[in-house]
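Taking it in order: structure first as structure tokens, then the write-up.
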Amino acid sequence: MKIIIAGATGFIGGEVVRQAIADDKITHAFVLTRKPLPEELSKNSKLTVVEHKDFSSYPPELLAQLEGAEGCVWALGGRVPQFPDVETARKVSVDYTLAAAKAFIDGLAPKLPNSQKFRFVFCSGKFAEWDQEKNLLWLADTRKIKGQVEKGLCDLADANKDKFEVWAVRPSGVVKKHAGLINMLTVNTAGFIEVDHLARAMLKIVVDGHQDRIIEANELLKI
């Protein structure tokens, strides 16, 4: 399967790239990135690095470079405190993600053979909240932004059932692979997941699909 990976210079997205290289079911990955990848990755024959500066826009010449992609693993974004302000977080997390999904629906999905659907896997987070008016006591902005993306993607999938399907994964927390004893205790008791496990799970979902659109932390650990 040929896929697109976004967020490849981040903690989770970078691991998705590494696991995609190791996964025999992924035949090629188009890595959509604003920044160059480390040389040991960028030179791998299984990857095509597509440097793109404006993730709100997908002109025809860019989509031409991505032609043949059958799905996408989207790991771009993060928690609100990782951004200068809430509006920047919303722009990167909501606007960029939905712009990409719409572009892939219009520009890539129709070119897939035999009524094949384009698959989109979004890395969300535990406790993502769809209700934008709900009063939340903690992590309110992050949870609502993640929920807004999930709902937007699901709305797109519902409006394009013949050519687009989506899944959102909700890890409770993500720790480094080969975690030490303290991290492993956290993983086992709090539903956290090691980053390599999360990356492999998202790749399996984009290849095989999943019965649930929203995949909660405990279910992720079983994949």
Side-chain angles (χ1 to χ4, degrees), residues 1-35 37-38 41-42 44 46-52 55 58 62-63 65-78 92-94 96-105 107-109 112 116-125 128 146 149-150 152-154 156-157 163-171 174 177 193-210 212-217 219-221 223:
M1 183 181 193
K2 295 181 179 180
I3 65 169
I4 298 164
I5 300 172
T9 58
F11 175 52
I12 296 173
E15 188 62 28
V16 173
V17 172
R18 293 181 180 86
Q19 295 298 329
I21 291 171
D23 190 334
D24 291 339
K25 292 185 178 181
I26 304 299
T27 57
H28 198 81
F30 301 96
V31 181
L32 196 61
T33 179
R34 292 176 62 185
K35 304 174 184 177
L37 292 187
L41 294 178
S42 63
N44 192 288
K46 202 170 178 179
L47 305 181
T48 296
V49 179
V50 180
E51 292 195 29
H52 182 48
F55 274 69
Y58 293 82
L62 173 64
L63 292 173
Q65 294 181 68
L66 304 174
E67 190 169 333
E70 303 161 84
C72 174
V73 175
W74 195 269
L76 187 68
V92 172
S93 300
V94 181
Y96 288 178
T97 309
L98 298 184
K102 291 173 184 175
F104 300 160
I105 289 169
L108 299 180
L112 294 178
Q116 181 180 346
K117 297 179 183 180
F118 189 92
R119 291 178 163 179
F120 196 104
V121 178
F122 169 62
C123 188
S124 184
K146 294 290 189 184
V149 181
E150 288 182 1
L153 289 171
C154 290
L156 287 172
K163 56 184 177 180
F164 184 74
E165 49 191 347
V166 67
W167 294 270
V169 299
R170 289 181 172 180
V174 185
K177 60 182 177 179
I193 189 169
E194 290 180 290
V195 66
D196 55 327
H197 187 167
L198 175 60
R200 289 193 300 271
M202 288 193 290
L203 290 170
K204 181 172 177 55
I205 293 164
V206 80
V207 170
D208 297 330
H210 194 276
D212 302 316
R213 260 187 183 174
I214 307 298
I215 304 169
E216 298 286 358
E219 180 64 24
L220 264 181
L221 291 169
I223 298 176

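All values reported here derive from a predicted model rather than from experimental measurement. Hydrogens, waters and symmetry mates are skipped; everything else that's a heavy atom, side chains included, is used. Residues take their numbers from the sequence shown, with the count starting at 1.
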I need the minimum non-hydrogen distance between [X] and [Y], along with the two atoms involved.
X	Y	value
Ala101	Phe164	CB-CZ, 4.0 Å
Thr48	His28	OG1-NE2, 2.6 Å
Leu32	Leu62	CD1-CD1, 4.1 Å
Arg119	Val207	NH1-O, 2.5 Å
Ala8	Val31	CB-CG1, 3.3 Å
Asp196	Glu15	CB-OE2, 3.4 Å

Answer yes or no: is there a side-chain heavy-atom contact under 4.5 Å between [X] and [Y]?
X	Y	result
Asn44	Val17	no
Leu47	Ile5	no
Leu112	Lys117	no

Would you indicate whether Lys46, at its atom NZ, is surrounded by more than 12 heavy atoms from other residues, nucleotides or ligands within a distance under 6.0 Å?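 Yes, NZ of Lys46 has more than 12 neighbouring heavy atoms, counting only those of other groups under 6.0 Å.
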For Arg34, does the CZ atom have more than 12 heavy-atom neighbours from other residues, nucleotides or ligands under 6.0 Å away?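 No - once you tally the heavy atoms of other residues, nucleotides and ligands closer than 6.0 Å, there are 12 at most.
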Stepwise side-chain contact (heavy atoms from CB on, under 4.5 Å) check, Leu98 with Leu153: CA-CA 7 Å; Leu98 298 184; Leu153 289 171; 3.9 Å; yes
Between atom [atom1] of [X] and atom [atom2] of [Y], what is the distance when rounded to the nearest 0.5 Å?
X	Y	atom1	atom2	result
Glu216	Leu221	CD	CG	11.5 Å
Ile3	Leu66	CD1	CG	12.0 Å
Leu108	Phe118	CG	CZ	5.5 Å
Glu219	Ile214	CD	CD1	13.0 Å
Leu156	Ile105	CG	CD1	4.5 Å
Lys204	Asp23	NZ	CG	9.5 Å

From CA spacing to verdict: side-chain contact (heavy atoms from CB on, under 4.5 Å), Cys123, Val174: CA-CA 11 Å; Cys123 188; Val174 185; 6.0 Å; no
Treating Trp167 as the side-chain partner and His210 as the backbone partner, does any N or O pair qualify as donor plus acceptor under 3.5 Å?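 Yes, the answer is positive, given that a donor and an acceptor are paired below the 3.5 Å cut-off.
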Name the atoms and distances for all side-chain donor-acceptor pairs under 3.5 Å in residues 67-76, with sequence neighbours left out.
{"unit_1": "Glu70", "atom_1": "OE1", "unit_2": "Gln116", "atom_2": "NE2", "d": "2.9"}
{"unit_1": "Glu70", "atom_1": "OE2", "unit_2": "Lys2", "atom_2": "N", "d": "2.8"}
{"unit_1": "Trp74", "atom_1": "NE1", "unit_2": "Thr97", "atom_2": "OG1", "d": "3.0"}

Which residues satisfy the side chain to side chain contact (heavy atoms under 4.5 Å, CB included) test with Ala128, sequence neighbours excluded?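 For Ala128, the residues satisfying side chain to side chain contact (heavy atoms under 4.5 Å, CB included) (neighbours in sequence not counted) are Ser124, Lys146, Glu150, Arg170.
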According to ring pair (Phe, Tyr, Trp, His ring centres under 6.0 Å), who are the partners of Tyr58, at least two apart in sequence or on a separate chain?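 His52, Phe104.
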